[in-house]
Amino acid sequence: MVGLAPRPSLSGVGPRAAGTLPHVERALLDALRAANLGPRVVRVAADTNGYITAAAVVLTYEPSGPDPLGALQTVVGELLRAAFAAAPCLDELDVTAFPRRPGPFDGNRRDAGFT
């Protein structure tokens with residue numbers, strides 16, 4: 001049995017990237033970092049079927065504060081503006097957000113998320 005290689009990271013440290021369209025993933029991650037959203041991003045992926053180009057971003061948000069839903073909407077709005085400006089080839093962007101919790105993000109979250 002052959003083991004699976006770990007997913008590539010765009011920077012060696014930080015969010016995982018799918019690696020299917022690395023130029024789109026790199027543009028997205030650079031734009032999100034420039035918008036100060038980089039630390040929230042857990043995973044970036046982009047792919048195309050030849051007709052549309054879609055990307056997915058998984059991020060964390062701060063669930064505390066007086067208006068956590070408003071804060072989440074602000075973060076997602078900033079992410080969408082930055083992503084579509086950086087990668088005009090995108091036709092679709094799927095965003096999934098999980099509340100930030102202490103410790104590493106392992107992808108096996110059981111808490112409620114926003115998509």
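Any value given below was found using the heavy atoms of this structure, including those in side chains, with hydrogens, waters and symmetry copies removed.
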Check your understanding: What pairs with Asp91 under side-chain contact (heavy atoms from CB on, under 4.5 Å), at least two apart in sequence or on another chain?
Key -> Ile52, Thr53
Check your understanding: Can you find a heavy atom in the side chain of Leu28 that is under 4.5 Å from one in the side chain of Leu90?
Key -> yes
Between side-chain atoms of residues 66-87 and protein atoms elsewhere (two or more places apart, or another chain), which donor-acceptor pairs fall under 3.5 Å?
{"from": "Asp67", "atom 1": "OD1", "to": "Gly70", "atom 2": "N", "distance (Å)": "3.1"}
{"from": "Thr74", "atom 1": "OG1", "to": "Gly70", "atom 2": "O", "distance (Å)": "3.0"}

Point to revise | Counterpart residues, salt bridge (charged side-chain N to carboxylate O under 4.0 Å, His left out), relative to Asp30 (two or more places apart) | key: Arg26
Check your understanding: Just how far is it from atom CD of Glu25 to atom CG of Leu21, taken to the nearest 0.5 Å?
Key -> 6.5 Å
